[in-house]
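Written out below as structure tokens is the structure these notes cover.
Residue numbering restarts at 1 for every chain, and letters A, B, ... go by the order of the sequence lines.
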Amino acid sequence: MTPWLADDRRSVSDRKYGRWRGLPTYYRAQLEMSLGIYLAYRAQVVGWLAGSLIQPLVLIPAWQTTTGDGQIGGYSQGLFVTYFVVETLVTFLTLNFVVIEFGARVQHGYFSQVLLRPVHPIHHDICTVVAYRIVGAVVMVPSLLLLTVVFGADTSALSMSGLVAFLPAVLLASLMRFVLEWMVGCLAFWFVRTSALNAAYYSMMLLLSGSLMPLSVLPQWAQSGAAATPFPWMVAFPVEVAMGTRTGAQVWMGLGWQVVWTCVIVLLLPLVWKHAARRHSAVGG
Amino acid sequence: MIGREGIVVDGMSKTYRVPVRDAGLSAAFRSVVRRAKRTVSAVDNVSFTISPGEVVGFIGPNGAGKTTTLKLLTGLLEPSAGTARVNGHIPWRRSPEYLGTLALIAGQRSQLQWDLPVVDSFALNKAIYRIGDGDFATRVRELTELLDLGDLMNRPSRNLSLGERMKCEFAASLLHAPQLLFLDEPTIGLDLETQRRIREFVVEFNSRQGSTVMLTSHYMADVEAMCKRVILIHQGRILFDGQLRELTSRFAAGKSVRAELGRVDADREGELRRLFAEHEYHLVGNQVQISVPAGLVAAVTNRLLTNFDVVDLTVTEPDLESVIEAAFAHSESRSNG
Amino acid sequence: MITSMRHGAGLIRAVLGIGIANLLAYRADLVLSGVQIALRLVVQIVTIAIIFNHTSVLNGWTAGQMVVLLGVHATLEGWLELLVLPSLYDLVDAVREGSFDFVLIKPIDAQLLTIIQRFNPAGLSTLASGLLVVVVGVTTVGTSASAVGWFILTLVFSAVILSSFVMLLCTTCFWFVNVTNFIDVFAMSFSEAGKWPLAIYPRWLKWGLTVVLPVGFAVTVPSQAITARADGETIAFAFALVIATVVASRLLWRRAIRSYTSASS
């Protein structure tokens, strides 16, 4: 059993909450509960984190070998290490289980319970995600430091100003990814078997977001193609900001794009959600 | 002695070592370093024999050692002491020859593949028990008819109701015509109609195949319907082993006389107290119930009829449940005193 | 021994029969998993294309050889999806819920029954696409009859190594109860680390992916064999690893059953 499903059955839903009033109370209670659940399932959490550390452990040597003594797309061996360490951090800070959870909710009929609550389910998901990051950071931060040392990262690129700009960039990336995946998750109502759909989303995410490689190693046409999609803004952009590849006006423009994408999705979300919920009641849960 | 045939259990014991720790944080830390263990005796020096073809009910409260005994006899556990032989086999060696002759059905656990049609589980068992095509077809037909399976077999186990699934469990477990049938609370959670069907089926199967059946149950109706012989087990020890009839006559203090009296006032109550001082009796409204030791029924009834205005009178045997309660109470008072 | 082997073969036939009968019922799953594996292979091949845009050889591995390696990886992944992982997830559940008793009272080797009684037909499409990619890769790099023989042998070795290894991990469920985590981490490391030849890793990681978690080794050796680059020493080592993992998983299993039947709770 997965903790996020267990969460659904133990959620705070007894009291009445107004549309906005009472939300802070709800957040406090739900966050406390989600934290408790992740702590109880800490072995699982460590398992997932170990799994997410395998990717950099493999990709770093792969790109180091490819690079040799030269440079590819502006990255030397040492810079590749830095890139993947920061990328793993960004993935950890932006990752959520919304898509998987949606499929499970629809398939196992948990959604009826979720819909019965007087609180919009998105708040519950936000609490889950925040709790996961708090608990996971305990393992993630030391592991990333270890990767930095073992593979000999070139940290000269990291600067104070880059790190300051990194904070809003990663926060917006996380928000953007959350709302986008909430929308992708809603599609589970239209297609009962969402596995192929999710696989398509994740494939594009892998190739275009910068999680498999820095986007600058792609051919020029692919780079400009990727820039037109929402994907690079969720991973590559915060990493590049932290590494000082994007500075000054480029940072402001990037943050602007993140805000634009997030707003577009947020405006579309109620429409999709309303149709999804109606569809759900039509199909029956 | 039955020789090599049947179940022969001699002085069998099973103790578990269970970790224990006190409440509190410091105790929790201590238990990480060194786990304190306590020995719990689940089955304590148990002996009995069962002849081939018998149906024996194993009765006792939760934790009495019923399931442990079944697990020992099916070879799922090794005893800490003592021996057991079943048709000449030592169960916990788990030789294929032995396992091929037994079946275990548990009301709370399923052996069917959750999301495959039941008939697939049949096919798997056919290969496991090496059942020939002809035998397989005959037995599937027979079991389908006896258990009224209809087309349930073609549905995945997850789509079956509890009762339907239990019937399929029985069918899947009996395809290899086992000589030994171990039933661990087979009717638990089932509706009355399905319970009745299962009981009838077990009786029918036993008389057709001559298989030995050992069953544990909480439902006295199971025992009354299926078993002539019962073994009462409590705190790992056997309290009683014999015919169901004997159980009643041994532990039932006697019978119960109920009477509806025409008129009850203070005077009549005093009379009751005087006449039945040595008996246990209850008076509710104008209904009186008197517990009477065997042999005194006639005297008590006579006394009632001559001294009171009796409207209605019945004499009843105590039900099995209260007999068993009496037996456990008896053993506890003995072990305490 | 002979009769028990024949019995095992009969059992495998029965399980295959059941699986194939269900294949028809699970057609949609088969198609969907086909789409997924296709997407996964596309991502991997694009990645290789990008890498070989910048270099012509990756520590001795050409683009064609890398394609072969991806095919071997998908083939082994299909094997794990088909039989091994579903069976082992089931084992963990069965031990926790007590239905493992029903496995143990069957007159057949419990380890064999455990590994074969569950079957996920969708794994077949992964396995088939993997073999297809191997064939495509081989047409660009060439092979020989003897190399194909060695390939088949080492592929079987690898399947056995991976199965026994993950079985070994899972057998710990008799003591630790919830070990689905171990399987998850194994599956994740196989799908990530198995996609690259051992040659790219630093020495410590190379050994780690050979001995500690043999996922790198299992994929690399057959890929070398089909392009006639596996030396005798490597194949002998693979064979030793087969023996070691099989024996270890067998021994641990027997210990587990002993501790289960002498039971603590």
Side-chain angles (χ1 to χ4, degrees), chain B residues 14-19 37 40 42 67-68 70-80 91-106 108-117 119-131 156 169 172-173 176 178 180 182 184, chain C residues 1 3-4 6-26 29 86-87 89-90 93-114 116-122 174-175 254 257-265:
Chain B
K14 176 71 193 170
T15 53
Y16 294 129
R17 302 269 293 154
V18 291
K37 296 219 169 163
V40 176
T67 302
T68 305
L70 281 201
K71 283 191 167 188
L72 286 160
L73 291 179
T74 47
L76 292 168
L77 285 178
E78 269 182 61
S80 327
W92 43 93
R93 293 222 176 120
R94 276 186 294 112
S95 70
E97 292 75 31
Y98 175 58
L99 295 177
T101 61
L102 70 83
L104 167 69
I105 300 169
Q108 285 172 319
R109 289 170 293 161
S110 173
Q111 68 153 334
L112 300 170
Q113 293 267 347
W114 185 242
D115 45 23
L116 292 187
V119 71
D120 285 355
S121 295
F122 287 9
L124 188 64
N125 278 358
K126 175 177 183 289
I128 290 172
Y129 291 99
R130 302 190 232 197
I131 306 166
E169 292 280 345
S173 306
H176 60 291
L180 292 156
F182 296 95
D184 193 6
Chain C
M1 188 69 199
T3 59
S4 82
R6 198 175 302 147
H7 189 187
L11 202 58
I12 290 167
R13 247 198 327 277
V15 172
L16 279 178
I18 292 167
I20 288 164
N22 280 298
L23 209 58
L24 298 170
Y26 287 101
D29 282 329
S87 299
Y89 278 114
D90 260 22
D93 285 346
V95 169
R96 194 183 46 218
E97 285 158 16
S99 51
F100 182 71
D101 284 357
F102 294 115
V103 173
L104 216 50
I105 62 153
K106 298 270 155 62
I108 184 158
D109 186 82
Q111 195 174 19
L112 176 70
L113 185 57
T114 295
I116 63 175
Q117 79 171 337
R118 202 79 163 98
F119 189 89
N120 172 20
F174 287 92
W175 294 278
R254 288 172 66 161
I257 297 301
R258 251 204 323 275
S259 102
Y260 187 83
T261 54
S262 65
S264 47
S265 64

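- Counting only heavy atoms from C-beta outward, the side chains of C/Pro107 and B/Ile128 approach each other to under 4.5 Å.
- No part of B/Pro79 comes within reach of chain C, as not one of its non-hydrogen atoms sits under 4.5 angstrom from that chain.
- With a threshold of 4.5 angstrom between heavy atoms, B/Leu72 does not approach chain C through any atom at all.
- Ranked by heavy-atom pairs under 4.5 Å with chain B, the list C/Ile108, C/Leu11, C/Asp101 is led by C/Asp101.
- Looking at B/Gln113, the atoms closer than 4.5 Å to chain C (heavy atoms on both sides) all sit in the side chain, from C-beta outward.
- Atom CG of B/Leu116 and atom CD1 of C/Ile18 lie 7.0 Å apart (nearest 0.5 Å).
- Note that CG of B/Asp120 and CD of C/Gln117 are 12.0 Å apart. Values are rounded to the nearest 0.5 Å.
- Comparing B/Thr101, B/Leu99, B/Leu124 by how many heavy-atom pairs each has under 4.5 Å with chain C, the most go to B/Leu99.
- Between chain C and the options B/Leu104, B/Thr74, B/Ile105, B/Val40, heavy-atom pairs under 4.5 Å are most frequent for B/Leu104.
- B/Ala106 touches chain C through backbone and side chain together, each having a heavy atom under 4.5 Å away.
- With contacts defined as side-chain heavy-atom distances shorter than 4.5 Å, the pair C/Thr261/B/Arg94 qualifies.
- Of the residues considered (C/Leu113, C/Ile105, C/Asp109, C/Ile116), C/Ile105 shows the highest number of contacts with chain B, using heavy-atom pairs under 4.5 Å.
- Ranked by heavy-atom pairs under 4.5 Å with chain C, the first of B/Gln111, B/Gln108, B/Glu97 is B/Gln111.
- Only the backbone of B/Ser110 comes within less than 4.5 Å of a heavy atom in chain C; its side chain stays farther off.
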